[in-house]
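None of the values given here were measured: they were computed from a predicted structure. Both counts, for ligands and for their atoms, begin at 1 and track the order of listing.
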Amino acid sequence: MIEVHHLTKRYGSTLAVDDVSFTVHPGRVTGFLGPNGAGKSTTIRSIVGLDRPTSGFATINGESFEDAAAPLHELGVLLDAGNRHPGRTARAHLRALAATHGIGDRRVDEVMELTGIDSVAGRRAGSFSLGMGQRLAIAGALLGDPQTLILDEPINGLDPDGVIWVRNLLKHLAAEGRTVFLSSHLMSEMAVTADHLIVIGRGRILADAPLQDVLARVEQSTVVVRTPEATALAHRLAGPGVTVTSTAADRLEVRGLEAADVAVSAMAGGIVLHELTTTTASLEDAYLAITHDALDYAASSLETAGR
Ligand code: ADP
């Protein structure tokens with residue numbers, strides 16, 4: 001279990017994390033979601049003792065991580081996949097890491113097999129693609145067979161196979177009863193990986209709820225209707241709880257009614273319809289609704305923003 005208590009972190013005049021509190025429970029995948037610059041990495045670095053909070057504190061299984069006698073067994077961390085000696089082979093890199101905790105070569109072989117890098121164990125880590133480097137970093141995080149895993153943007157740079165592999169691995173580790181906490185700015189990935197979401201924007205927690213609840217917040221469908229008599233139809237549809245927006249001369253977007261209601265109303269008025277479709281909110285919509293006031297960047301830059 002990871003517990004964060006009133007964590008605040010300032011960098012000069014930047015308030016990166018603002019009085020953040022949350023608990024990450026074992027047995028499920030918890031996603032830490034927010035736009036770039038929201039404070040995810042700062043929170044994670046503070047949890048693992050790499051950043052000193054301005055105030056507040058975090059514990060892993062009830063203890064400060066800095067006090068852990070054998071940290072690799074307590075917590076597996078993926079922070080910066082590029083953090084390895086480029087001249088060392090993948091195997092040598094993992095063996096060096098393992099040696100700091102008296103972990104044997106057999107476990108090194110095991111994690112290399114688990115992460116699919118056993119066939120390149122003898123290759124220098126410097127020659128690894130981003131995706132292979134990510135797998136190597138995950139192998140390092142798993143070395144101590146930790147009860148808790150924290151991964152900062154673990155799917156960055158992975159090919160589609162790799163993304164599915166990480167997703168399945170994290171679900172599997174959570175199903176074993178481990179605490180799995182991963183950050184991402186990719187809503188689509190969270191939608192299929194996380195069971196629970198903690199959403200952060202401008203250093204503040206905006207939501208801390210099961211994935212389904214976050215989706216339900218905005219899961220109101222929109223009926224799109226095209227008709228040459230848009231104005232007449234809009235008048236017929238108007239009523240309590242109904243919002244009708246005209247998006248073109250012959251196009252309306254209707255919230256608060258089902259497609260069937262719109263069809264019946266049009267027929268009663270003798271209005272011909274050229275199109276009648278329903279769209280449902282996605283996690284992207286939920287996320288944008290939640291982070292609306294907290295975005296550091298315009299929504300359009302979210303799509304392309306890397307880290
Ligand atoms: P995220 O991981 O969600 O992208 P970060 O935690 O990296 O967000 O950053 C949160 C805020 O803190 C941003 O405004 C960022 O510019 C700032 N920040 C992060 N690290 C530093 C640092 N070492 N020095 C100064 N500002 C920082």
Numbered atoms and elements of ligand 1 in range of Asn36, under 4.0 angstrom, heavy atoms: 4 (O)
Validation row: Val262, Leu237 side chains within 4.5 angstrom (heavy atoms): yes
Nearest-0.5 Å distance, CG of residue Asn61 to OG1 of residue Thr179: 6.5 Å
N/O donor-acceptor pair under 3.5 Å between Lys40 side chain and Gly34 backbone: yes
Close N or O approach (Gly39, ligand 1; < 3.5 Å): yes
4.0 Å heavy-atom contact, Pro35 with ligand 1: yes
Arg45 heavy atom under 4.0 Å from ligand 1: yes
Atoms in ligand 1 with a heavy atom of Ala38 nearer than 4.0 Å: 1 (P), 3 (O), 8 (O)
Whether Thr14 side chain and Ala16 backbone form a donor-acceptor pair below 3.5 Å: no
Heteroatom distance test (Thr43, ligand 1): nitrogen or oxygen, under 3.5 angstrom: no
Backbone N/O of Asp195 and side chain of Arg28: donor-acceptor pair under 3.5 Å: no
Parallel, tilted or perpendicular, as decided by the 30° and 60° cut-offs, for the rings of Phe32 and Phe22: tilted
Ligand 1 versus Thr14: contacting region, heavy-atom distance under 4.0 Å: side chain
Any Gly34 heavy atom less than 4.0 Å from ligand 1: no
Ser41 neighbourhood, listing ligand 1 atoms whose heavy-atom distance to it stays under 4.0 Å: 1 (P), 2 (O), 6 (O), 7 (O)
Beyond-backbone contact of Ile198 with Leu33, side-chain heavy atoms, under 4.5 angstrom: no
